[in-house]
Amino acid sequence: MARPSPRAERTSCPLPQLPASVYEDAFDLAAVGMAILSLGGDYLRVNPALCRMLGYQAGEWGERSFGWLDHPDDPPIFLERLAEGDPTGADVERRCLHKDGRWVWVRLHLSVARDAAGAPMYVVSQWVDIQNLKQAREAVRASEDRFRILVETAPMGVMVVDAEGSMEIANVAAQHILGFSSATPGSLAGHLRAISWRDAETDEALSPESMVLDYGPTGETARGRSVRFRHPGDATDRWATTRSAPLRGPGGRIDGALAVVTDATREQMLVAELARLAHHDVLTGLPNRRLLRETLERAIDAHEDQPLSLLLVDLSGFKEVNDTLGHEAGDALLREVGRRLRSIPRDSDLVARLGGDEFAVLLPSTGHAGAEEVAQTILRAIRAPIIHEGRSVEVSAGIGIGLFPEHGQDASTLLRHADVALSQAKQGGGGIGFYAASLDENSLARLSLGTELRTAISEGQLRLCYQPLISLSDGAPVGVECLVRWEHPERGLLAPSLFVPKAERTGLIGPLTTWVLDEALRQQQSWRREGINCDISVNLSARSFHDEDLPATVMGLLERYGARPESLTLEVTESVAMEDPEQAIAMLQRLGKRGVRLSIDDFGTGYSSLGYLQRLPVHQLKIDRSFLANIMADAGAASIVSFIMGLGQSLDLEIVVEGVETEEVTGMVTSLGFDLGQGFYFGRPMPADALARWWREHETSAAGAMLSSLHGPRPAAV
Ligand code: C2E
Ligand code: CA
Ligand code: CA
């Protein structure tokens, strides 16, 4: 093979004849290291760049020969073989010994210079320092390794697809969660297409592509999506959340996507269980008051032209059974009554236990005559003796009936009127009573609350009561919830349930909420001046929460009273937050940005979807008190408790337990690790001056208790 001679190469580039010194300058001024070697490996000449690279003076190279700098692990290079035409070693990366003893990575090019006849004359070498390049490559490899291990071992599923949706990577967790194995042939798109996907929130069908290629048009990371699907492995319903982001190639072009999938099945099951617990009575398994109310509201909405009857059933003689035969007998009796009631009406009817010895039956599409007939059957069924542990027990009942639409056009009115009918029936010695307006002379329903309420706000008839929130870990008070009352000139102190819903309907809620916020912040400022530093919580109704001006109002008041935004918590109920989640998120973000703390009230009653819950920018969850009652009664609810704790921890939320009424419950919720407690056991809602006294007492006693638990009993003061 004819090798081009160096001279031939040179003449191929037509340059003017230059003096030989120019070539010497080029050699000496080159930025890369250069050396001319004899075929025997002697250094004939080295340039300054090479001297700098390896730390030797020009004069020091004379005694050396090629190879003396070699690392023992790098293969030797034989110049004679190179001269014979063997290219091995002509272009290699290797380590060279620096004069100071360290190894320097270089890229070495060797070329043999030949005379006109092609005979080898000497070797020209070029040395490029690639130390930095080498380190950068090493770093990339190490980081790739780390990421590979991370992806392989991560508990969440990770999938990478190319722009066509073919799978490049699906880690073990992804295969496990979505039910395919890496051994199954086919693209990721194929696997995903084999499953039918639904949006967990809206139940809409989703395209398989949207599982991974779901990012915005400009390529921003998609907000997480909750999906429901049937697992190909065991055909059970599963829930997962996915979040995808585009991957960009050279030039910023999107050439694939990465999706992260987390299994949310367990959480979803627990959320459903939570909702069930919140809507059922543990003792009898029947729907509770809340579910009755919700069903009643829905039934009224759905059948405006159909009659509907609501029966409230109250036992007589139950208390005696409880007192003489004990709680167990009482519980057994209630369960049996529940069973009998359940067996009477049709499937479409609802039987609920409202608490204590009170039950309710909701009969859709049933008018006066039908309701009376069912009521008679119920009375007979309840009067039939109940055998408990060989003893025969007898109770009777009174039944109050409210009819829709004649006795009330909405759920609250109907419930209240059925209750009026029930008291009448019981006063009359049991039996059945229908509501009549004449029974209701003294009932609050007759107040024209609307117009009066307006006066109440402007004339200062509203009051705030303050109920303490306690840190469960040390018993110290941390804040108060502000609860509104109406000091009615004739009716006395009215509870919020009697006028807040009315205010909400009549548009008076705006002024009411502003009044509450103003009064709460004013009171907080006045306490602060007395040395009581107390965070405050204020309730927002649905209308106030959706009021566009709310953030501005809140900020104005915070400023007026010089309050830190973090010292104010706004509470909205879970159902309000879930009504229009997107809007709720936007509003919570607007408020949260200003530093105000946000809380989800009555948590556990609103059927939250987990996906939304994770996206709500809130600081606190308040567990509804009905839920706490159920937990105490239901041993199986432990998993729910641990779920809520886990949820709180993973979302970094403070958890408040409401409705703590006994020492026993306090012990339980404290040992479970809840953060804050609120309830009659710690303190009832009280007026401002009473709260100040309470606070002083408990602040010091809590601090004392904490100190003595840390340091043993404190020495008595002398
Ligand atoms: P909420 O926000 O759940 O407030 C807690 C309610 O539970 C209060 O009733 C409180 O007195 C009661 N409570 C506290 N501890 C216990 C306990 O240990 N056992 C029992 N059985 N109950 C306990 P209250 O003051 O009658 O308020 C009822 C509801 O009225 C509040 O429920 C809240 O939703 C609403 N509300 C109160 N003030 C306002 C307000 O200023 N604005 C709005 N929009 N709603 C308010
Ligand atoms: Ca509240
Ligand atoms: Ca609450």
Side-chain angles (χ1 to χ4, degrees), residues 278 289-290 354-356 412 453 456-457 461-470 479-487 493-521 523 535-547 550 553-554 557 568-577 597-606 618-630 632 654-666 668-669 676-687 690-691 694:
R289 183 185 291 274
R290 177 174 297 120
L354 304 185
S412 303
L453 190 54
I457 300 172
Q461 293 172 10
L462 296 185
R463 304 276 175 272
L464 282 189
C465 278
Y466 304 89
Q467 187 177 28
L469 269 85
I470 306 296
V480 292
E481 177 170 4
C482 307
L483 297 158
V484 70
R485 305 283 180 264
W486 177 1
E487 201 168 290
L493 211 58
L494 300 185
S497 58
L498 293 171
F499 60 91
V500 169
K502 183 91 180 177
E504 173 91 339
R505 278 195 303 275
T506 53
L508 282 171
I509 194 70
L512 187 142
T513 304
T514 308
W515 182 85
V516 171
L517 279 165
D518 189 297
E519 176 62 12
L521 285 161
Q523 184 59 59
D535 290 350
I536 53 173
S537 300
V538 169
N539 294 285
L540 294 181
S541 68
R543 281 272 279 273
S544 305
F545 180 59
H546 294 134
D547 180 358
L550 180 71
T553 309
V554 170
L557 289 170
L568 172 67
T569 300
L570 298 176
E571 298 187 4
V572 332
T573 63
E574 187 185 14
S575 26
V576 168
R597 287 170 37 97
L598 304 160
S599 174
I600 297 291
D601 204 356
D602 300 352
F603 179 74
T605 65
V618 297
H619 305 86
Q620 189 183 68
L621 290 185
K622 294 186 90 169
I623 314 269
D624 190 65
R625 62 169 186 276
S626 65
F627 178 66
L628 188 68
N630 277 347
M632 287 306 285
E654 185 175 76
I655 310 236
V656 186
V657 193
E658 289 188 297
V660 178
E661 291 182 354
T662 63
E663 194 176 347
E664 185 200 356
V665 174
T666 310
M668 194 192 82
V669 295
L676 302 181
Q678 180 181 352
F680 293 170
Y681 178 70
F682 303 115
R684 289 184 177 257
M686 47 194 130
L691 190 277
W694 182 96

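All ligand and atom numbering here is 1-based and tracks the order in the structure. Just so you know, these numbers use all the heavy atoms, side chains as well, and skip hydrogens, waters and symmetry mates.
Ligand 1 is approached by Gln467 to a heavy-atom distance shorter than 4.0 Å. Using a 4.0 Å heavy-atom cutoff, Gly659 is listed among the residues neighbouring ligand 1.
Where the criterion is an N or O separation shorter than 3.5 Å, residue side chain and backbone included, Asp601 meets it with respect to ligand 1. Annotation: Arg625 places an N or O atom under 3.5 Å from an N or O atom of ligand 1; distance criterion only. The distance criterion of under 3.5 Å between nitrogen or oxygen atoms is not met by Leu512 with respect to ligand 1. Here's the thing with Phe680: one of its N/O atoms is less than 3.5 angstrom from an N/O atom of ligand 1.
Taking the side chain to side chain donor-acceptor pair (under 3.5 Å) definition, one finds that Arg684 meets it with nothing, sequence neighbours left out. By the side chain to side chain contact (heavy atoms under 4.5 Å, CB included) test, Arg485 pairs with Arg463, Cys465, Leu483, Leu493, Pro496, Pro685, sequence neighbours left out.
Within the structure, the salt bridge (Lys or Arg N to Asp or Glu O under 4.0 Å) test picks out no pair touching residues 537-547 (sequence neighbours left out).
Closest heavy-atom approach to atom 4 (O) of ligand 1 within the set Leu483, Leu494, Leu464: this belongs to Leu483.
Protein-derived N/O/S atoms nearer than 3.0 Å to the Ca ion (ligand 2) total 4, waters excluded.
With salt bridges taken as basic N to acidic carboxylate O contacts below 4.0 Å, one links Arg290 and Asp624.
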